[in-house]
Amino acid sequence: MRVLMFGWEFPPHITGGLGTACFGMTKGLAKNGVDVLFVVPKAHGDEDQTNVRLLNASDVTVDIDHETERSYWDRVQYMEIGSNIIPYVGPEQYELMVEEQRHATRGFRSSVFAPRYEFSGKYGANLMEEVARYALIGSSLATKYDFDVIHAHDWLTYSAGIAAKETTGKPLVVHMHATEFDRSGENINTDVYAIERRGMEAADLVITVSDWTRNIVIEKYGINPDKVITVHNAVEPSDKSLDEYERSGLKNKVVTFLGRITYQKGPEYFVEAAFKILQVDPSIHFVMAGTGDLLQKMIKRVAQLKIGSNFHFTGFLKGNDVDQMFAMTDVFVMPSISEPFGIVPLEAMRLKVPVVISKQSGVSEVVEHALKVDFWDINGLADAIYGICKYKAVNEIFRKEGKEEVDNLKWEYAAKKIKAVYERAMTLRN
Amino acid sequence: MRNLCFYFQVHQPYRLRTYRFFDIGKRHFYYDDYNNRITMQRVAERCYLPMNQLMLKKIEELGNKMKFAISFSGPAIEQMEVYAPYALESFKKLVATGNVEVLAETYSHSVASLMNKDAFKMEVADHKRLMKEIFNVRPKTFHNTELIYSNEIGADVAEMGFDLILTEGAKHVLGWKSPNYLYVNAINPKLKVMLRNWKISDEITLRFSHQSYTVDDFVNWLNSLPEEEELVNIFIDYETFGEALDASTGIFDFMRYLPDAVLRKTDFQLVTPHQIVDKLQPTGVFDAPIPLSCQDEERDLSNWMGNDMQDDALATLYGCFKKVKASKDEELMRDWRALQAAENFSAMCTKHQGGTPYDYYINYMNILTDFINRMK
């Protein structure tokens, strides 16, 4: 079986979780005997291509007659880019990226239809232009290669997937890693919503990363439940250990929030829970690692509650600093308001750090050895954190069993389910 | 003869280094040594040495007619000892002439007077000891950090044995009254109060660089004052000379010619605060029920306290006072003093444009957490 897969990024050139997930998935598919032709807007040449053949959309030339152009143009609309449609990027980083690319922006229409086009493959100011161009390449590519199924990841690639399907008549599977509602709450970007919805309607089958996301897809996008299948994400096994890192210099327990400090991640609930816990045990320390548009608000709130000597901010962490943070952490907390999946708690568990996660997350559907609370239930959140800090037994169990559990969440198994989805899509077509 | 009193503040805080959460409990060093060293050495070169030399020369020329007052903060002295001992030597020479009155203040340039009476007393006692050790003097005149003052603080200062305090001639307290008289504290009238004439002080510090301001302008202004106004107090940061205002502005020349012009063309004499305190008759009570300072248009405390970050940091810091004191640990005491510096809290002020109050608060609280942790 052979799949033409449309992605937006591939390791090592990633800005967020999408590239990592795609990489794990393609490896898992290879183990299940599925060949993958993976299309990215821009290939850098240093990607690991052991299990996948990477196609660089920037290399594809397009020859378009006037008629095609017009019919295509009718379907593409120009859209303003707001930072909320860009996944996994904080507002400060976004400002930087826009600034960088502002000068480079050319006429939208002429560049989309140019014979050659150099993608940046990033999430910059001309993202919409790139999305439109990517779609154009979808159909062009589809005629050049032989494959059985088309698989498109997230809204950025849906138009390309649809174009490929229209050209070849092959079945289309779209993969929802996040919905516009997760990214923006109720104030959605209606253009992005429209692309997501069109993609799912055009698809033969839809894969969601959790039942949480599946419900959103059915309820808020009105997609037929029969064609929506949940395949939970997995993690790559790792033999990384925290032994080489320093332990915390504090003699007390450390509770950590790590992620973007934005509405979606529920940082406010973490602060309020910390305040409650400190009334009972003033020795515990809390850390909020990351950055985002709510950072200042959180700092103000911490100062207002007068818990600044027990509540610390680290700013954005990357690379080794993330593991260093885990090494100093006794409880990891993810109080997300809406989390399609949420890979960070799994990374924590894999490093033997006990976790408390919100029920409004996809990851809560797949792990047993974690405490799960409603994000809005501050008392419940405080109880859970306090319990893991104070009661040895539950702490020990979570450390040991949690790791074992995560080590069994392999992409190989998830890919098997994806393969079954492909097979079903092919049957539906025939 | 009427009286003109110049008073200069010498102060350099310890600048804190970037102190991350990961450092807590592991590394107990809080200071940006490099920055502290180059700043002290730059200020010594640009300001302390040339200005001291200038003032020494004036004393040689004018003898006992050349009088003024200086106040040294503890951190300024400590950093001079380490990074610019030559500057400290030159200050010692200046003080040894006997024409310079050394004032008392808080050791750390702190706002302890607003937070904790015992901590305040300790700050003042520590400073007194330092002045004795370095200059062999016993200051009799007190001035609080950034001239922070209230009736209460004045009474505390009187209790510590001072009979004269310097503060800001804040408009909102004075109303129609003039700062150019001697006043007394509202609770304890034994404490005399000398007020900074902010208008003329600011004219020198703020306007000098922007518009031409000359010795003649100053002399004319003095001569225009009503005859019964017998005391003009000009308080300026010593670092204004050569550091805040570059030598190229002519600020050194201004100070070089000013004393002669005042003595020759006016009926003012140059005095130190304590020299004239007993000679003047206080004209009334300076009533400040609410604390004031010399900072900002409002002359209030909002530079150091009032927002949540400042209040949390201050409450946490002074919450440790008893433990620090009981510890009798010299290293802890040193850090305690440095962490008290008023600059730590003005850096958390959100009133002004620029600055990074949130980052400063986070960094400061990390340090404070480590500090508290060490006492356990």
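Heavy atoms only: backbone and side chains are in, while hydrogens, waters and symmetry mates are out. Quantities reported herein were computed from a predicted structural model and do not represent experimental measurements. In what follows, chains are A, B, ... by sequence order, proteins preceding strands, each numbered from 1.
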> Roughly how far apart are B:Met365 CE and A:Phe311 CZ, rounded to 0.5 Å?
Replying inline: 12.0 Å
>> Please determine whether the number of non-hydrogen atoms from other residues, nucleotides or ligands lying under 6.0 Å from atom NZ of A:Lys400 exceeds 12.
In response: no
> So which of B:Asn373, B:Thr316, B:Ile372 has the largest heavy-atom pair count under 4.5 angstrom toward chain A?
Replying inline: B:Asn373
> Which region of B:Asp311, side chain (C-beta onward) or backbone (N, CA, C, O), has a non-hydrogen atom less than 4.5 Å from a non-hydrogen atom of chain A, or is it both or neither?
Replying inline: both
> So how far is it from A:Gln304 CD to B:Asp312 CG, rounded to the nearest 0.5 Å?
Replying inline: 10.5 Å
> Between B:Asn363, B:Ile367, B:Ile362, which has the largest tally of heavy atom pairs under 4.5 Å with chain A?
Replying inline: B:Ile362
>> Would you say NZ of A:Lys403 has more than 12 non-hydrogen atoms from neighbouring residues, nucleotides or ligands within 6.0 angstrom?
In response: yes
>> Using a 4.5 angstrom heavy-atom cutoff, name the option from A:Glu246, A:Arg301, A:His285, A:Lys300 with the most pairs to chain B.
In response: A:Glu246
>> Around atom CZ of B:Arg27, are there more than 12 heavy atoms from other residues, nucleotides or ligands closer than 6.0 Å?
In response: yes
> Given that the side chain runs from C-beta out, which part of A:Val302 has a heavy atom under 4.5 Å from chain B: side chain, backbone, both or neither?
Replying inline: both
>> Quick check against the 3.5 Å criterion: does B:Lys26 have a side-chain atom that pairs as donor or acceptor with the backbone of A:Arg247?
In response: yes
> What are the two closest non-hydrogen atoms of B:Ile24 and A:Leu250, and how far apart are they?
Replying inline: CG2-CD2, 3.4 Å
> Does CD in B:Glu152 sit with more than 12 non-hydrogen atoms of other residues, nucleotides or ligands closer than 6.0 Å?
Replying inline: no
> What are the two closest heavy atoms between B:Arg20 and A:Thr314, and how far apart are they?
Replying inline: NH2-O, 4.4 Å
> Got a second to check how far B:Tyr358's OH is from A:Met298's CE, nearest 0.5 Å?
Replying inline: 11.5 Å
>> Counting neighbours of NZ on B:Lys328 that are heavy atoms of other residues, nucleotides or ligands and sit closer than 6.0 Å, is the number greater than 12?
In response: no
> Which answer fits A:Leu305, side chain, backbone, both or neither, if we ask what part of it has an atom under 4.5 Å from a heavy atom of chain B?
Replying inline: neither
> Taking the side chain from A:Ser309 and the backbone from B:Thr369, do they hold a donor-acceptor pair closer than 3.5 Å?
Replying inline: no
> What part of B:Phe21 gets closer than 4.5 Å to chain A, counting heavy atoms only: side chain, backbone, both or neither?
Replying inline: side chain
>> Between A:Asp321 and chain B, with a heavy-atom cut-off of 4.5 Å, which part of the residue counts as in contact: side chain, backbone, both or neither?
In response: both
>> Tell me the closest heavy-atom pair linking A:His312 and B:Asn366, and the distance in Å.
In response: ND1-OD1, 2.8 Å
>> Tell me which of these, A:Ser248, A:Ala289, A:Ala303, has more heavy-atom pairs under 4.5 Å with chain B than the rest.
In response: A:Ala303
> Is atom OH of A:Tyr263 surrounded by more than 12 heavy atoms (other residues, nucleotides or ligands) closer than 6.0 Å?
Replying inline: no
> Around atom CD of B:Glu330, are there more than 12 heavy atoms of other residues, nucleotides or ligands at under 6.0 Å?
Replying inline: yes
> Hey, is CD1 on B:Ile290 packed in by over 12 heavy atoms from elsewhere, all under 6.0 Å?
Replying inline: no
